[in-house]
Amino acid sequence: MPELLAMYYEDSSKPSILYMHQQMRLSVSPTLIDETNTNLGHLIEGTPPSDAYFFAYMSSLGVSWGQLRILISALKLWCNCNLDPTWEIMQRGPVRSMFRSSAMDYLRQRLQVKPSDLHRMIKTHSRLTGYDACFKMKPTLNKLQSTFGLTGSEMRKIVLRMPSLLGMGIQSIEDKLKFFLNEAGMSMEQLRTALLKQPSLIQYSLDTTLRPKARFFLHELGIPSSLLSRIITTAPALMGFSLSDNLRPKVCCLMRRCALNQFQVGVLIATSPSLLSLSQLGKIEPTLSSLSELLEIDNPHDLGQILMAAPRLLHHSIASLDDKFSLLTKSLQSKEKAIIALRNNPSLLTWTLIVLRERIDLSLEMGNDLFTSLQPSKRGRRKMMQQSPPEANYEDAVIVSFESSSLESISMICPTVSVAAKEAGLSKSAVIEAIQAGQCVDGKFFSYLKDISEPGTALKHVSHDDHKVSISLFVSGSVYPGDRLDVARGQSRTGGICLKVINDGTIDNYESIVDDVLAAASSCFGILVPNSTGNVILAVFPLINPSKNRCELFSLLGALRVVESFIKTRRTDGDSRTYDIKIFSDSNYALKLVSNRDRLLKLGGCFAYSEELLSSLNMKREYVNIDILHPLARSFSRLNGQDEPPQSRNKKVVDAKVQFLHSMDSISKQDDWVKDWPGRSGPGFVRFLKRQARAAAEWQYNRQ
């Protein structure tokens, strides 16, 4: 087989299996080929069947699997690209009936990637198969590499992470370059740094993504234009976040929790841009609540002053804050002194525990008064914004949104009614009237931020009712292996699901309920992970295309199926009590899809979904994972007592109510069951569930 000695990719293609079997007399058993695929795994992913046949034959000659792995890794031309698209690729989007060997060989040579990398790139961006090497790929790669001064390894890394970069036009790259250099005021080195962090940055639309984000930072938050480049360089992912559903709700959260105006929040963002990348429900709000409890703060204004003095506080874990507070309390021998010291100098909580302990020990060794030593110094980091933010009263802030009295889908944050009226093209009196009446004007609602009610807690059940059973289920989903910057997207992955029933203190027969839930899970989930502990149910994601979002959404569907089976079994046994079920998830993506109860019931009331139905519900098929969401909505509809469509064989569940909530909505450090989990806090408990879901995914990955 002279192809093994080839020096060029185009000469390295091995003959077909039929030729090797009939003409070369290479006989290999199917069992040995299966064993080859198992042992060589990802090394021959994306290669034609003839490669597996050849390596199986070499194994039959006595070459060990370890030796074959070394040969494949060392001799790149021993593996070829499979030019025949598999079903896994064809169902992801438009592809050619046969891949262009010249394009595949060019990418392998230019980027030094393996066939498995190309296979994953095509799975991620199927249009890659239609690009011509000379007229499309080569000019684009040359433009990107020369413009941003990327090394070969850096070019390889960003293309593996974002294969769709190969489809960009030269003019599109130049337009984005002008925006970042001229409008955002970035230097080429800053832009290069941001691109390596976030390769998709150069692909964002100018008119719908980049410029609206720039206007948001400059005008709504009052950040000077000279600092916009720093924000993009430090946290480039922010440029891809949704304004209405992500960035503005986080700003509103900080405004109302800390009694800050939007320009003061802008100071926080200018100081620590990555603050907006934190999860609102999973990180920002729990940390603010923990600070209020630690420092005994009742006034939101006081909390805001502490955050303005040390914006990076929100990046620290609750357990870390607790440990530092305990150390200060022990060192000062007084909780009251520790609180005063931290209120005067909040930046103490931004130090690491080791540094704080060293500073305390040094002060005591020198004989200084510790309380005095902990007072703030005039030295420190230079402030990002030298000028004071514009004056504005927090209570006058007006929220313009697409939903009435809601902190979701926010289209604008205005400091006053006058500004809101000017931006909306209305009179000031018309806006005031719309606020008072809660009326929709041109598809938008106007509300004072201070008047929008806080979401209530949902886990506490203070009253005991023998005719009502309240059950709280926490779910989480994850994938394995996770995304890494140096690994191509599209790698084969598996998904895992974690479900746990929480005893909130009102269930008398908690053990019996858990046993019944476990029994229901055994029948509802296809594959359960053995040896689960602590009443934690671990299952495998059973559908195609496992991703983080799909696994998290499926965890809600799995919980509904378990609940439905559990209640039906109880009804069969003569249980007529009312069931109040609360399902908690840490997934912002999944909760956004199921947060609108009326919309979910409307979707669940249809036996089959249609494009017209999804359009009327403002759902885009490609974003909502309808193969999971529709069964979820159907089960949710039945569990909430909605009549079934005539075609359905299922029956509605009476005397039951189900609702979805975020995992952090009502977890408190004071809950006894929380103290037993890592981190001694709600976030620690949520991370534990996430790790368990990932462990289930890893178990399935190794099993395959």
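The shown structure was predicted, so the numbers you read here are calculated from the model rather than taken from an experiment.
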> With no hydrogens and no angle check, do the side chains of N650 and R634 hold a donor and an acceptor under 3.5 Å apart?
Replying inline: no
> CG of L556 to CG of L591: how many Å apart, nearest 0.5 Å?
Replying inline: 6.5 Å
> Does the side chain of Y448 come within less than 4.5 Å of I399's, by heavy atoms?
Replying inline: no
> Run the side-chain contact (heavy atoms from CB on, under 4.5 Å) check on R248 and F216 step by step: do they pass?
Replying inline: CA-CA 9 Å; R248 288 192 181 106; F216 167 73; 3.7 Å; yes
> Donor-acceptor pair, K568 side chain versus V653 backbone, under 3.5 Å?
Replying inline: no
>> Looking at every non-hydrogen atom in both residues, tell me the closest pair between R597 and N640 and how far apart they are.
In response: NH2-OD1, 2.7 Å
> Atom CG in L518, atom CG in D516: separation rounded to 0.5 Å?
Replying inline: 9.0 Å
> Between L238 and F217, is a side-chain contact (heavy atoms from CB on, under 4.5 Å) present by the stated rule, with each step listed?
Replying inline: CA-CA 11 Å; L238 295 181; F217 289 120; 4.3 Å; yes
> For R561, which residues count as a salt bridge (charged side-chain N to carboxylate O under 4.0 Å, His left out) partner, sequence neighbours excluded?
Replying inline: none
> Hey, is E220 close enough to R215 for a salt bridge, meaning N to O under 4.0 Å?
Replying inline: no
>> Could you tell me if S289 and R257 have a donor-acceptor pair between their side chains, going purely by distance under 3.5 Å?
In response: yes
> Can you tell if the side chain of V469 reaches within under 4.5 Å of the side chain of R570, non-hydrogen atoms only?
Replying inline: no
>> If the threshold is 4.0 Å, N to carboxylate O, is there a salt bridge linking D442 and K444?
In response: no
> Counting only N and O atoms by type, is there a donor-acceptor contact under 3.5 Å from the side chain of H125 to the main-chain atoms of R127?
Replying inline: no
> Mind checking what makes salt bridge (charged side-chain N to carboxylate O under 4.0 Å, His left out) contact with D598, not counting sequence neighbours?
Replying inline: none
>> If I compare all heavy atoms of A697 with all of G496, which pair ends up nearest, and what's the gap?
In response: CB-N, 3.4 Å
> Hey, does the side chain of S126 reach the backbone of I122 with a donor-acceptor pair shorter than 3.5 angstrom?
Replying inline: no
> Can we say E552 and K690 salt-bridge, meaning some charged N sits less than 4.0 Å from an Asp/Glu carboxylate O?
Replying inline: yes
>> How about NZ on K283, more than 12 heavy atoms from neighbouring residues, nucleotides or ligands closer than 6.0 Å, or not?
In response: yes
> Hey, does V475 have a side-chain heavy atom less than 4.5 Å from the side chain of C498?
Replying inline: no
> Looking at D396 and K450, does any basic side-chain N land under 4.0 Å from a carboxylate oxygen?
Replying inline: no
>> Strictly by ring-ring contact (aromatic ring centres under 6.0 Å, His included), give each pair with a member in residues 556-578 just once, sequence neighbours left out.
In response: F566-Y579
> Between the main-chain N or O of V400 and the side-chain N or O of S411, is there a donor-acceptor pair closer than 3.5 Å?
Replying inline: yes
>> Under the salt bridge (Lys or Arg N to Asp or Glu O under 4.0 Å) test against E644, which residue among R649, K651, R638 passes?
In response: R638
> Should the pair F541 and F554 be assigned to parallel (<30°), tilted (30 to 60°) or perpendicular (>60°) ring geometry?
Replying inline: perpendicular
> S587 side chain to A590 main-chain N or O, any donor-acceptor pair under 3.5 Å?
Replying inline: yes
>> Determine whether S476 and V686 satisfy the following criterion, side-chain contact (heavy atoms from CB on, under 4.5 Å), listing intermediate values before the conclusion.
In response: CA-CA 8 Å; S476 187; V686 172; over 6 Å; no
> Is the closest basic N to carboxylate O distance between R694 and E698 below 4.0 Å?
Replying inline: no
> Is there a donor-acceptor contact under 3.5 Å from the side chain of S292 to the main chain of L288?
Replying inline: yes
> Does the side chain of Q280 come under 3.5 Å of the side chain of E285 through a donor N or O and an acceptor N or O?
Replying inline: yes
> Of the non-hydrogen atoms in P481 and S492, which two are nearest, and what is the gap between them?
Replying inline: CD-O, 3.7 Å
> Listed by chain and number, what are the side chain to side chain donor-acceptor pair (under 3.5 Å) partners of Q700, not counting sequence neighbours?
Replying inline: R703
> Are any non-hydrogen side-chain atoms of C253 and I284 less than 4.5 angstrom apart?
Replying inline: yes
> Do V562 and F525 have side chains that get closer than 4.5 Å, going by heavy atoms?
Replying inline: yes
> S663 and D586: which non-hydrogen atoms are nearest, and at how many Å?
Replying inline: OG-N, 3.2 Å
>> For a 4.5 angstrom cut-off between non-hydrogen side-chain atoms, does L689 reach F584?
In response: no
> Could you walk me through whether S205 and L210 pass the side-chain contact (heavy atoms from CB on, under 4.5 Å) check?
Replying inline: CA-CA 6 Å; S205 168; L210 294 177; over 6 Å; no
> Quick one: CZ on F445 to CD1 on I435, what's the gap to the nearest 0.5 Å?
Replying inline: 13.0 Å
> Does a donor on one side chain and an acceptor on the other come within less than 3.5 Å for N625 and Y589?
Replying inline: yes
> Looking at residues at least two apart in the chain, or sitting in another chain, which of them share a ring pair (Phe, Tyr, Trp, His ring centres under 6.0 Å) with F636?
Replying inline: F660
> Hey, what do you get for OH (Y609) to NE2 (H630), rounding to the nearest 0.5 Å?
Replying inline: 8.0 Å
>> Once rounded to the nearest 0.5 Å, what's the spacing between atom CG of L639 and atom CD1 of I567?
In response: 5.5 Å
> Charged N to carboxylate O under 4.0 angstrom, D573 versus R571?
Replying inline: no
> Would a distance-only check, ignoring hydrogens and angles, find a side-chain to backbone donor-acceptor pair under 3.5 Å from S648 to P645?
Replying inline: no
> Residues in ring pair (Phe, Tyr, Trp, His ring centres under 6.0 Å) with Y701, at least two apart?
Replying inline: Y480
> Can you find a heavy atom in the side chain of I583 that is under 4.5 Å from one in the side chain of Q659?
Replying inline: no
> Distance from I413 atom CD1 to E423 atom CD, nearest 0.5 Å?
Replying inline: 12.5 Å
> How far apart are the closest heavy atoms of S547 and R493, and which atoms are they?
Replying inline: CA-NH2, 3.9 Å
> Of all heavy-atom pairs between C551 and I497, which one has the smallest distance, and what is that distance?
Replying inline: O-CD1, 3.3 Å
>> Is it the case that the side chains of N588 and K592 hold a donor-acceptor pair, with the cut-off being a distance below 3.5 Å and no angle test?
In response: no
> Can you find a heavy atom in the side chain of V594 that is under 4.5 Å from one in the side chain of L632?
Replying inline: yes
>> Looking only at the side chains, is there a donor atom on one of D245 and S409 sitting less than 3.5 Å from an acceptor on the other?
In response: yes
> Is the backbone N or O of P286 less than 3.5 Å from a side-chain atom of S290, with the two atoms forming a donor-acceptor pair by type?
Replying inline: no
> Between the side chain of S523 and the main-chain N/O of A520, is any donor-acceptor distance below 3.5 Å?
Replying inline: yes
> Distance-only, no hydrogens or angles: does the S637 side chain make a donor-acceptor pair with backbone N or O of A633 under 3.5 Å?
Replying inline: no
